[in-house]
2 protein chains.
Amino acid sequence: MELRDIEIFLTLAQELHFGRTAERLHVSQARVSQSVAKQERRLGVALFDRTSRSVSLTPVGRRLREDLQQAVDLLHEGLARAEAAGPGAGRTLRLGVFGHAGHELRPLVDAFRARYPGSDIQLNEINGSDAFTALRAGDTDVNVLWLPVAEPDLTVGPTVLTGGRVLAVPTGHPLAVRGGATLEDLADHHVVDLGPDAPEYWVAAMVPLRTPSGRRVPRGPAGRTFHEILSLVASGRCVHPLGEIAARYNSPPGIVFVPLRDAPELQYALTWRSTDDSPAVRALARTAAELGPITL
Amino acid sequence: MELRDIEIFLTLAQELHFGRTAERLHVSQARVSQSVAKQERRLGVALFDRTSRSVSLTPVGRRLREDLQQAVDLLHEGLARAEAAGPGAGRTLRLGVFGHAGHELRPLVDAFRARYPGSDIQLNEINGSDAFTALRAGDTDVNVLWLPVAEPDLTVGPTVLTGGRVLAVPTGHPLAVRGGATLEDLADHHVVDLGPDAPEYWVAAMVPLRTPSGRRVPRGPAGRTFHEILSLVASGRCVHPLGEIAARYNSPPGIVFVPLRDAPELQYALTWRSTDDSPAVRALARTAAELGPITL
DNA sequence: CTGCCTTACGGGTCCCGTAAGCATC
DNA sequence: GATGCTTACGGGACCCGTAAGGCAG
């Protein structure tokens, strides 16, 4: 008899629909079914009458819903009160984002500020090369990073942003003329080398090491910040793949962004130090989870 | 934030002692420490002031205790009401026990009857050979079996009985004259063969296959029920190891029970079909866990 | 040095997702 | 045939125990 099961029961009691319940709680439909079945087995009573087309509460279920709802309300109230008493409650979270992604994250930041007036969010710009070092050094509390992120000391939270990809190419470049690029094209041009500070697998998720057919993608001149990358591209020495979002708020001279059509969608998720399991971080994660990912 | 952690917090808030809290909840002391530390990390507030010699609630902890206590009371109340509405509540549990073990289990049966007036317990006698088949066939709902029991389809609950062991020998047997036996002695006499119905490892926990020094213990004539075993021993054809409890309520003619001094203590635990996760079974398990094992 | 609480580490359990099954419209 | 609830099965996260560490009397 765990809290999670009670939450599932209460949501289903409200929705009266397994699919919608699963969606709201971000679990699979099968899980809702399993959870309710377990509850009923333990209690020895049917809580819902259901066919494959309709779901309704039994009298016992109706009564249980009232009791449990009251209990969990009280419980959350008490926990919230204790949390509010803590020093961490009014903390200002430093959220590390790439370039202008902060603009698109506006709904999340606004929702967080509205729900937790005591806390605040400050946006810090991060670069691909130091995204991990900044987080580990404590320069930011939470970073918005593209996936996959698989670091033992970091926790990956909900996805907050999804979008396509573009390739930054110099004006007049053949690919600019063509108006689009594929992953296969990357082997024919140099890309910026971000250096060794970020994990190789993570950089590779944005800048592939090889094309789909297996040809190597040449790593060209070294650059660390977003603006360094742009100058290198503008100088005509290389091209570079970026998130679609980079193209949306930048129109740097000498550069054209062309869509990378066959690359899979990028997902950006909240990431924080596993040791920093504080209320403010959890509150942001909860808010993001309930808001769902923003699609570019 | 799970219900188990809340239970730990509430118990510690009452006991103000990690060791006693662990004991009451049947978990390790480390677990209590881990759970409380996690709670405090999540809430960002200290709930207890503690040195290695004293534990006390902080003001925040005191307030949280009141809130949570009220919430969990409400919660259990609601669940109990739903459970009481079920048909399983008034069910009669068939409890399978060896021989006269039911006498010793009286405190458990009485406690269960007092706490769950709607339910009842009926004692069924089982034998070593059919203990598992009876349970699987549904002839009993819960069996009291000596450990270890490791069957994928059976769940092992709390230990209800612990005690020593004896060896049944014919009157006038050299071991009877000596007034005691060791495991090593078993290699010099035949023991009853219980047949293939029960798992080998389980039978071996009562009737070893080999002595500590590695000599084989000869399996003699076959017998299935308790009384068959006693007749075989009385006939002088073999000896047989049993739980101390067998000696306590039996004084069959032609048989003497001598202590098996170097054998480890026997533990008897509740066991039931894993699929039968009903309120009555759970209620009995809960009662047994809170009562603790009965020592012979 | 002895309780008593905390930290480190590994194993087992169970939550949960995927995929297939089955019933109702 | 489509929609929607249930069952089967495998993987991974987390609970929890063991053992060692640290701190007060």
Side-chain angles (χ1 to χ4, degrees), chain A residues 1-9 11-13 15-42 46-58 61 148 150-159 274-275 277 282 285 289, chain B residues 1-9 11-13 15-42 46-58 61 148-158 274-275 277 289:
Chain A
M1 182 63 54
E2 281 309 322
L3 268 183
R4 183 64 171 167
D5 296 311
I6 292 176
E7 193 182 7
I8 290 176
F9 165 73
T11 308
L12 181 60
E15 291 285 350
L16 295 177
H17 187 287
F18 282 69
R20 278 198 301 277
T21 301
E23 199 175 340
R24 262 184 59 180
L25 298 178
H26 301 105
V27 296
S28 70
Q29 181 174 316
R31 179 65 199 127
V32 178
S33 177
Q34 291 162 4
S35 173
V36 173
K38 186 180 74 180
Q39 298 284 61
E40 292 181 327
R41 224 183 16 251
R42 289 208 165 175
L47 301 173
F48 296 92
D49 284 323
R50 47 198 185 274
T51 67
S52 67
R53 303 301 283 181
S54 77
V55 178
S56 64
L57 278 166
T58 62
E151 302 294 304
D153 59 332
L154 301 182
T155 298
V156 177
T159 296
S274 301
T275 52
D277 195 6
R282 295 183 58 79
Chain B
M1 183 64 53
E2 279 310 322
L3 223 46
R4 182 65 169 166
D5 295 310
I6 292 176
E7 192 182 7
I8 290 176
F9 165 75
T11 308
L12 181 60
E15 292 285 349
L16 295 177
H17 188 287
F18 283 69
R20 278 199 300 278
T21 301
E23 199 175 339
R24 262 184 58 182
L25 297 178
H26 301 104
V27 297
S28 70
Q29 181 174 318
R31 178 68 198 125
V32 178
S33 178
Q34 293 161 4
S35 173
V36 173
K38 186 180 75 179
Q39 299 283 61
E40 292 181 327
R41 224 181 18 253
R42 289 208 164 173
L47 300 173
F48 296 92
D49 283 323
R50 48 198 185 275
T51 69
S52 66
R53 302 300 283 178
S54 76
V55 178
S56 64
L57 276 166
T58 63
V149 171
E151 302 293 305
D153 59 333
L154 300 182
T155 298
V156 177
S274 300
T275 52
D277 194 6

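Only heavy atoms go into these numbers, but all of them, side chains included; no hydrogens, no water, no symmetry mates. In what follows, chains are A, B, ... by sequence order, proteins preceding strands, each numbered from 1.
The structure places OG of B/Ser28 at 12.5 Å from CD of B/Glu23, a figure rounded to the nearest 0.5 Å.
Side-chain atoms of B/Thr58 never come within 3.5 Å of backbone atoms of B/Asp49 as a donor-acceptor pair (strictly under, hydrogens ignored). Between the B/Ser35 side chain and the B/Arg31 main chain, no donor and acceptor come within less than 3.5 Å of each other. With hydrogens and angles disregarded, a donor-acceptor distance shorter than 3.5 Å links the side chain of B/Glu40 to the backbone of B/Leu47.
Counting heavy atoms from C-beta outward, B/Thr275 and B/Asp153 have side chains that stay 4.5 Å or more apart.
Across the protein-nucleic acid pair, B/Leu47 atom CG and C/dC5 atom C1' stand 16 Å apart, rounded to whole Å. Note: CZ (A/Arg50) to C1' (C/dA23) measures 14 Å, nearest angstrom. Atom-to-atom, NE2 of A/His17 to C1' of D/dT6 comes out at 15 Å; the value is rounded to the nearest Å. A straight line from CD of B/Glu40 to C1' of C/dT6 spans 12 Å, rounded to a whole angstrom. Rounding to whole angstrom units, CZ of residue B/Phe48 and C1' of C/dT6 are separated by 15 Å. For the pair A/Leu12 CG and D/dG4 C1', the interatomic distance rounds to 13 Å; values are reported in whole Å. The distance between atom NE2 of B/His26 and atom P of D/dG17, rounded to the nearest whole Å, is 11 Å. When rounded to the nearest whole Å, the span between CG of B/Leu16 and C1' of C/dG3 equals 17 Å.
One N or O donor and one acceptor, one from the side chain of B/Gln34 and one from the base of D/dG17, sit under 3.5 Å apart.
For the pair A/Ser54 and B/Ser28, both in contact range of DNA chain D, the more 5′-proximal nearest nucleotide belongs to A/Ser54. Each of B/Ala30 and A/Phe18 was matched to the nucleotide of DNA chain D holding its nearest heavy atom; the match closer to the 5' end belongs to A/Phe18.
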Quick one: which protein N/O atoms are closer than 3.5 Å to N/O atoms of nucleotides 22-24 of chain D? Pair and distance per line, please.
unit_1 : atom_1 : unit_2  : atom_2 : d
D/dC23 : O2     : B/Ser52 : OG     : 3.4
D/dA24 : O4'    : B/Ser52 : OG     : 3.1

For nucleotides 10-15 of chain C, print each protein N/O atom paired with a nucleotide N/O atom at under 3.5 Å, atom names and distance only.
unit_1 : atom_1 : unit_2  : atom_2 : d
C/dC15 : OP1    : A/Lys38 : NZ     : 3.4

Worked check of side chain to side chain contact (heavy atoms under 4.5 Å, CB included) between A/Arg50 and A/Val36: CA-CA 12 Å; A/Arg50 47 198 185 274; A/Val36 173; 4.2 Å; yes
Stepwise side chain to side chain contact (heavy atoms under 4.5 Å, CB included) test for B/Val27 and B/Arg4: CA-CA 11 Å; B/Val27 297; B/Arg4 182 65 169 166; 3.1 Å; yes
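As judged by a 4.0 angstrom heavy-atom cut-off over every strand, B/Val55 is placed among residues touching the sugar-phosphate backbone only.
A/Asp5 pairs with exactly one of A/Gln39, A/Arg42, A/Lys38 by the side chain to side chain donor-acceptor pair (under 3.5 Å) rule, that one being A/Lys38.
With sequence neighbours excluded, the residues that form a side-chain contact (heavy atoms from CB on, under 4.5 Å) with B/Ser33 are B/Phe18.
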